[in-house]
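Scope of the values below: all heavy atoms of this structure, side chains included, with no hydrogens, waters or symmetry mates. Chain A is the first sequence line, chain B the second, and so forth, proteins listed ahead of strands; every chain is numbered from 1.
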Number of protein chains: 2
Amino acid sequence: MYEPYITLLKEHHLKATPQRLQIIHYLHTHHTHPNADDIYTALRHTSPSLSRTTVYNALETLKKENIIHSITISAGETRYDARIDTHHHFLCTTCNTISDIELVCPNIKRVEGGGYCIEEVHGYFKGICPQCAQKQERKHEPKDAA
Amino acid sequence: MYEPYITLLKEHHLKATPQRLQIIHYLHTHHTHPNADDIYTALRHTSPSLSRTTVYNALETLKKENIIHSITISAGETRYDARIDTHHHFLCTTCNTISDIELVCPNIKRVEGGGYCIEEVHGYFKGICPQCAQKQERKHEPKDAA
DNA sequence: TCCTACATTGTAATCATTACAAGTTAGGAT
DNA sequence: ATCCTAACTTGTAATGATTACAATGTAGGA
Ligand SMILES: [Mn+2]
Ligand SMILES: [Mn+2]
Ligand SMILES: [Zn+2]
Ligand SMILES: [Zn+2]
């Protein structure tokens, strides 16, 4: 189950510790863009000896090796993403969920033309996600109530 | 000098205190996207009795009234902007400067088509700004040294 | 199996931000 | 011009995320 992650870590000259494997696996199976504490709290259930510091250390190491990415959208918390290809995000101000938006920024060349050397592209929207928008609509217009 | 800001604050039913006026004025004359402490440190020189808490309070109040915007780009710090129109940013990883990028996101309709209700659009690039890029080039290819 | 460089752990420190309570003031009312 | 009070400022203490550190444990090569 963890084989591909073990290979990945070894390619980067990192030890394949159970903690790191669990963290990578969590990110790959939960596309919720969790923060460090979300991961800590989730893994704690099956690994009670896990330390919060280990989660921070592992995330930092994986980020440095470009195995995962971190995203800064809500102030005061860093969230993590197993996807390392450039893509956009949507933060729902109602349910606090961050979802992926499949977009490619078409302006990169224009910015580079201005003399900027782009290393990372970040785009995100804030607003109300489809699920929350529907719920709100139902509240205000409960026509088709079953 | 502060008249327009006084008017602005009164329109929003806010008291035109010297602290708020200085903070607004600082943001309008320094397009560096400073954080709260930058502003505090700068204004302290002429207003030694200023409190850091006042800076945080004022920024929060102005943000709520949509008189200024806050941006979250570097983890762990909120930076502020007198511009409230939607525009993009560039964070230079060498000199830590955030500069404005004049771009309009052309993908908004596509995202809204997916059922999302967009309230804010944020776009930023990380990399090396033209000034820092030039300095680096000179280091490596010092052909035209005067 | 042994060894040790690399990792994990728990605790203490740090740093940005927020909460709070006491003192001050902007600006409307008189 | 003076009074009054809700709004504001201030200093300090609390909070919450993250980092530093020192002791202990272990992955994985020899
Ligand atoms: Mn993502
Ligand atoms: Mn700006
Ligand atoms: Zn939502
Ligand atoms: Zn620069």
Side-chain angles (χ1 to χ4, degrees), chain A residues 2-3 5-24 26 33-44 46-65 67-68 70-80 96 98, chain B residues 2-3 5-24 26 33-44 46-65 67-68 70-80 96 98:
Chain A
Y2 286 157
E3 285 82 21
Y5 305 139
I6 294 176
T7 307
L8 181 65
L9 288 170
K10 295 206 170 163
E11 280 170 3
H12 287 265
H13 308 293
L14 297 174
K15 289 192 177 174
T17 65
Q19 293 85 347
R20 284 172 177 172
L21 292 171
Q22 286 165 28
I23 290 167
I24 296 178
Y26 185 87
H33 309 88
N35 62 26
D37 209 62
D38 292 335
I39 299 169
Y40 170 68
T41 303
L43 298 185
R44 217 176 191 317
T46 51
S47 306
S49 72
L50 179 67
S51 164
R52 189 177 267 110
T53 299
T54 297
V55 177
Y56 279 103
N57 288 343
L59 291 169
E60 182 61 22
T61 300
L62 296 172
K63 189 170 76 161
K64 273 187 187 158
E65 292 291 328
I67 292 171
I68 64 171
S70 70
I71 56 181
T72 304
I73 295 187
S74 343
E77 67 166 356
T78 300
R79 297 176 70 156
Y80 293 88
N96 206 37
I98 293 180
Chain B
Y2 286 157
E3 285 82 22
Y5 305 140
I6 295 175
T7 306
L8 182 64
L9 288 170
K10 295 204 170 164
E11 281 171 3
H12 287 265
H13 309 291
L14 296 173
K15 289 193 176 176
T17 65
Q19 293 86 349
R20 284 173 177 171
L21 292 171
Q22 286 165 29
I23 290 167
I24 295 179
Y26 185 87
H33 308 86
N35 62 27
D37 209 62
D38 293 334
I39 298 169
Y40 170 69
T41 303
L43 298 184
R44 218 174 189 319
T46 51
S47 306
S49 71
L50 179 67
S51 164
R52 188 178 266 108
T53 300
T54 298
V55 177
Y56 278 105
N57 288 342
L59 290 170
E60 181 61 22
T61 301
L62 296 172
K63 190 171 77 160
K64 273 187 189 161
E65 292 292 329
I67 292 171
I68 63 171
S70 72
I71 55 181
T72 304
I73 295 185
S74 342
E77 65 166 357
T78 301
R79 296 175 71 155
Y80 293 88
N96 205 38
I98 293 180

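Between A/Asn96 atom CG and A/Glu77 atom CD the span is 6.5 Å, to the nearest 0.5 Å. Taking CG from A/Leu14 and CD1 from A/Ile6, the interatomic distance works out to 13.0 Å, rounded to the nearest 0.5 Å. Summarising the geometry, atom CD1 belonging to A/Ile68 is positioned 4.5 Å from atom CG belonging to A/Leu62; distances are rounded to the nearest 0.5 Å. To the nearest 0.5 Å, the span separating CD on A/Glu60 from OG1 on A/Thr53 amounts to 13.0 Å.
One donor-acceptor pair, N or O on each side, does fall under 3.5 Å between the base of C/dT11 and the side chain of A/Thr53.
For the OP1/OP2 pair of D/dT10 and a distance below 4.0 Å, the side-chain nitrogens and oxygens of B/Gln19 include at least one atom meeting the criterion. Using a 4.0 Å cut-off, no side-chain N or O of A/Thr17 falls inside it from OP1 or OP2 of C/dC6.
One atom, CZ of B/Arg20, and another, C1' of C/dG27, lie 13 Å apart when rounded to the nearest Å. Atom CD of A/Gln22 and atom C1' of C/dT8 are 12 Å apart (whole Å). Between B/Lys63 atom NZ and C/dT18 atom P there is a gap of 8 Å when expressed in whole angstrom units. Between the P atom of C/dA26 and the CG atom of B/Leu21 lies a distance of 10 Å, rounded to the nearest Å. If you take OH of A/Tyr40 and C1' of C/dG10, they are 10 Å apart, rounded to a whole angstrom. Taking atom CD on A/Glu60 and atom P on C/dC6, their separation rounds to 17 Å, with Å as the unit. At whole-Å resolution of the value, CD1 in B/Ile23 and P in D/dT10 are 9 Å apart. As a whole-Å value, the separation of B/Ile73 CD1 from C/dA16 C1' is 17 Å.
The B/Lys15 side chain lies nearest to C/dT25 when the options are C/dT18, C/dT25, C/dA7. Considering only the side chain of B/Leu14, D/dC8 comes nearest among C/dT9, D/dC8, D/dA17. Closest approach to the B/Ala16 side chain among C/dG27, D/dT10, D/dT19 is made by C/dG27 (side chain taken as heavy atoms from C-beta onward). When distances are taken from the side chain of A/Tyr56 to each of C/dT17, D/dA17, D/dT9, the shortest belongs to D/dA17. The nucleotide whose nearest atom lies closest to any side-chain atom of A/Asn57 is, among D/dA6, C/dT8, D/dG11, C/dT8. Among C/dA26, C/dT17, D/dT10, the nucleotide with an atom closest to any side-chain atom of B/Ala36 is C/dT17.
As judged by a 4.0 angstrom heavy-atom cut-off over every strand, A/Thr61 is placed among residues making no nucleic acid contact. Here B/Thr54 lies in heavy-atom contact (under 4.0 Å) with a base.
Annotation: of the two residues near DNA chain D, B/Arg52 and B/His13, the 5′-most nearest-nucleotide partner is B/His13. Of the residues near DNA chain C, B/Lys10 and B/Asp37, the one whose nearest nucleotide (by heavy atom distance) lies more toward the 5' end is B/Asp37.
No hydrogens or angles considered: a donor-acceptor pair under 3.5 Å links the side chains of B/Tyr40 and B/Arg44.
In this structure the side chain of B/Glu11 reaches within 4.5 angstrom of the side chain of B/Leu8, judged on heavy atoms.
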